[in-house]
Amino acid sequence: MSDLPDTNVLEVDNLSVSYSTEGGELKALRDVSLDVPRGDIVGIVGESGCGKSTLISAIIGLLAPNARPASGAIRFRGEDLLGVNDDKMRALRGDEIAMVFQDPMTSLNPVLTIGRQMRDIQYRLPDSKAEKNARSIRMLQRVGIPDPESRLHDHPHQLSGGMKQRVAIAMALMMKPALLIADEPTTALDATLEVQIIHQLKRLQEDIGCSILFISHHLGVIAELCDRVAVMYAGEVVESGTVREIFHAPEHPYTRMLLACDPGAISERTRVLPIIRGFLPDLVDLPRGCVFRDRCDSAIEACSDKPPLQVRGADRLVACHRAGETP
Amino acid sequence: MTRFGILEALLRPDGLVVTTWRKLRRDPLGLLGLAIVLGIGFVTVFAPWLTSYDPNEVDVYARLLPPSADHLLGTDQLGRDTYTRLLYGGRVAMKVSIVAISIAMAIGIALGMLAGYGPRWLDRLLITGFDTIRSFPTIMFAMAIVALVGPSLNTVIGIIIIASIPVYARVVRTQTMALRERDFIVAERAMGASTRRILFRHVMPNIAAPLFILASMDVPVVVGMEAGLSFLGLGVSPPTASWGSILNDGYSYIRNSPWPIIAGGIPLILVTLGFTFFGESLRDILDPKLRREG
Amino acid sequence: MLRFITRRGALSVLIVVLAVSLLFGMIHMLPGDPASVILGPRATPALRAELNERMGLDRPFIVQLGRFLGNVATGDLGEDPFSRRKVADIVLEQLPFTLTLVFAAIAGATLLGVPLGCYSAIRRGSWLDRLAALLSVAFIAVPSFVVALYALMFFSVQLRWFPAIGAGDSGDLADQARHLVLPAIALGLGWIGYIARLVRASMLEVLEENHVRTARAFGLPERVIIGRYALRIAILPTVTILGLGIGTMLSGALFAEIVFSRPGIGKLLYESVMTRNYPVVMGSVLVTTVFFVACTLASDIVNALLDPRLRESEGR
């Protein structure tokens with residue numbers, strides 16, 4: 001792979017995933033396409049329910065049991081993950097593709113020590129227990145945990161939330177994966193910790209040379225950390241591009257609204273907090289046309305037909321009939 | 001509401017009995033349980049018409065026979081027909097369970113309401129009392145008492161009542177406590193309804209279903225306790241047939257014939273299966289909250 | 001935490017004292033004179049008076065009760081009027097047999113029930129899962145003496161695979177083990193399915209927890225996830241229930257001991273009830289009650305010890 005520096009580590013191509021529910025078929029993801037170039041950090045933004053978690057689960061091959069077989073392709077280093085068997089997928093998880101989850105309070109096992117859990121992740125290596133522990137200690141040091149040696153004997157509940165998330169990051173990066181998927185890793189932490197951890201993550205990413213798929217609804221964090229960003233709404237990617245393009249010249253009305261609603265962007269003089277009116281559409285019984293039409297201020301007649309993804313610049317995609325009009 | 005109002009309400013097409021039956025009909029294990037329960041009820045009521053023998057009729061020429069057309073389940077060491085003795089033993093078991101469970105339930109309801117609705121100190125006192133009773137291993141407690149007052153069926157019933165009261169009282173107490181904080185009860189109280197009215201008009205209907213389920217699940221326990229004590233010779237006095245005493249006779253002659261023991265265990269297993277399946281099914285239907293995922 | 005243990009402990013002591021007083025009171029109210037029961041109808045008044053005095057039966061009830069409780073507190077359970085041996089010695093001599101039986105039954109039920117529960121949780125709806133569910137409902141309520149009788153009849157009397165009587169030669173461990181098999185099965189059979197169901201239910205809950213998803217995301221083998229990551233947590237409620245179960249099993253042990261003519265507290269109680277040997281009846285009931293209450297207390301404490309950490313880890 002190293003001889004092809006500009007290839008994508010991950011290419012999600014027209015991915016559709018649906019779940020069988022009592023109410024009918026819930027179409028959680030529809031024709032989602034997304035690239036994660038080697039060494040880049042790609043952000044995904046969207047409200048809860050936009051399909052972020054389904055996307056992650058599909059990539060790591062851990063969809064819920066009621067999920068129908070996915071269509072499309074998820075290519076990791078050129079190989080379609082939808083086609084590989086469970087054992088192959090398990091071999092990739094934790095080794096080539098690693099995860100950091102949202103809630104550090106619950107994502108570590110409460111009854112096993114940190115050392116035990118970090119050793120278990122290295123189960124593929126032939127090393128001795130001492131060597132594995134030494135690697136764990138080095139990794140804990142790199143994520144900025146003081147006195148890492150004695151932390152190995154601790155149980156998760158003996159650590160603070162920030163420490164636990166650092167441990168989780170150390171665990172995820174220990175096997176030097178090619179792709180790290182971070183699912184809102186800082187949402188549960190307070191703001192100062194969040195900044196620290198984001199910077200740490202960026203440094204580690206540069207050291208290890210991995211790519212990161214970073215899911216967040218915190219636009220400030222995305223702007224700080226990511227190179228590229230995709231905006232998801234109701235199971236579709238509505239706009240994607242570089243962070244600069246999306247944040248400075250959003251073209252999809254949903255992206256504009258997200259930016260307007262971001263607490264960091266709201267000026268103190270605003271009397272009325274901006275909100276996006278309406279609700280997410282029912283994913284079992286989808287409306288015809290644009291998924292955002294019901295909540296859109298600038299909807300027109302044409303919006304009753306589904307807008308195609310328009311190419312608007314080098315890597316810029318927007319799914320809106322009115323893209324390009326001056327707002 | 002007229003006197004038959006409640007009954008009418010229960011039997012209406014959308015009433016509790018009908019809706020429960022509709023759901024029960026789709027649960028094969030529950031149906032099997034109900035069939036066994038009804039079968040046992042039928043057999044105990046009509047015991048004298050279902051056999052041509054007398055349960056205590058001794059026949060020295062027909063001792064310890066294996067099953068045959070004459071003696072469906074064989075005979076015991078005195079030549080008595082085991083099938084007939086089992087039928088009559090069922091009467092003892094049913095009498096004990098009906099009497100013991102209804103009395104224990106009545107006292108349990110009263111004490112449970114008292115604990116749940118009354119002052120705190122009384123609640124604490126009653127709970128300590130229940131814990132004391134529960135902290136005796138029941139059968140040892142029973143043996144100690146029988147040792148004191150001598151074996152008799154009434155003693156057995158008394159012991160079972162004392163041992164079962166906490167079971168019912170605890171459930172009633174919990175339900176009463178939960179209900180007394182509910183808005184509609186608070187509103188009734190604010191409007192001046194008497195405690196008696198609240199307990200009987202509102203609390204009783206709400207605890208009826210859980211109590212019915214509990215009683216159904218309690219039958220095998222009670223029957224097992226009676227059989228156990230009779231097996232130890234601490235229950236019915238000879239020659240009265242009880243499932244326990246039949247097993248005791250079989251135990252004494254276990255090396256001569258296996259049939260009394262094989263036959264004597266069957267009704268106990270059937271009662272257990274029947275009432276447990278029926279009770280579990282009812283619980284799933286009437287009280288989905290109690291059901292852990294299935 | 002310490003306060004909780006002290007409070008529960010004090011309550012347990014109170015319960016034991018209440019229970020013993022109750023039994024003592026009932027023996028006291030008994031119609032008929034213990035002395036004539038013990039000595040027989042032809043005893044001379046002098047002999048009776050002597051016995052009454054020796055057993056303290058001529059004092060007022062409250063004094064007798066007080067003295068009895070005081071003696072119990074110092075470990076003195078009185079004297080067997082027949083053999084004149086100390087009741088405490090007699091009971092303690094029998095206790096190991098009962099404990100061996102109860103722990104063998106629990107160990108067997110756990111060794112079979114836990115893997116069965118794990119399997120049922122992973123292969124939900126498989127035929128083995130359904131069978132386990134059915135059997136657990138059926139067996140937990142079938143009286144253990146019926147199981148004991150059937151086991152005795154099939155495996156000892158008919159098939160002659162196992163001995164029928166006693167606990168085996170002292171000193172011969174293999175013989176003792178052979179004598180233990182059937183009573184332990186009779187006692188533990190119902191618990192296999194019960195434990196399996198408990199483990200299954202809590203395993204299904206644990207498998208939904210986030211840390212299991214983490215373990216899966218790290219590609220750990222399913223065997224490790226179930227056996228190490230999930231079972232350690234899923235087993236906790238079962239441990240609590242087992243604490244209560246040991247107490248309940250004492251009742252079952254009584255029947256197993258009688259059916260298999262095995263020495264133990266249950267058989268001792270049964271025999272002393274039959275001979276109206278009240279001091280031994282009191283002693284064995286007392287010891288079992290203390291044991292029962294101690295098991296309940298222990299499982300309460302274990303529960304409380306485990307609870308805060310679990311709460312914390314759930315982040316609530």
Heavy-atom distance under 4.5 Å between the side chains of C:Phe218 and A:Met175, does that happen here? no
Enclosure of A:Asp86 CG (heavy-atom neighbours >12, cutoff 6.0 Å): no
Might you confirm whether atom OH of C:Tyr229 has over 12 heavy atoms from other residues, nucleotides or ligands at distances under 6.0 Å? yes
All pairs passing side-chain hydrogen bond (donor to acceptor under 3.5 Å, both in side chains) where residues 136-146 of chain A contributes a residue, at least two apart: A:Gln122-A:Ser136
A:Leu92 versus chain C, heavy atoms under 4.5 Å apart: side chain, backbone, both or neither? neither
Please flag which part of A:Met171 lies under 4.5 Å from any non-hydrogen atom of chain C: side chain, backbone, both or neither. both
Under 4.5 Å, counting heavy-atom pairs only, tell me which of A:Ser57, A:Gly94, A:Ala168, A:Gly61 racks up the most with chain C. A:Gly94
Part of A:Ala172 lying under 4.5 Å from any heavy atom of chain C: both
Can you measure from CD1 (A:Ile56) to CZ (C:Arg213) and round to the nearest 0.5 angstrom? 8.0 Å
Side chain proximity check, A:Asn109 to C:Glu209, heavy atoms < 4.5 angstrom: no
As an exercise, state the distance from CG of A:Asp120 to CZ of C:Arg228, rounded to the nearest 0.5 Å. 4.5 Å
Between atom CZ of A:Phe101 and atom OG1 of C:Thr214, what is the distance when rounded to the nearest 0.5 Å? 5.0 Å
Verdict with supporting geometry, A:Val111 and C:Arg232, side chain to side chain contact (heavy atoms under 4.5 Å, CB included): CA-CA 7 Å; A:Val111 296; C:Arg232 291 242 179 142; 3.5 Å; yes
Should C:Arg216 and A:Arg90 count as side-chain neighbours, where that means a heavy-atom distance under 4.5 Å? no
Rounded distance [0.5 Å steps], CZ in A:Arg124 versus CG in C:Leu220: 7.5 Å
The interface call for A:Leu62 against chain C, heavy-atom contacts under 4.5 Å, is side chain
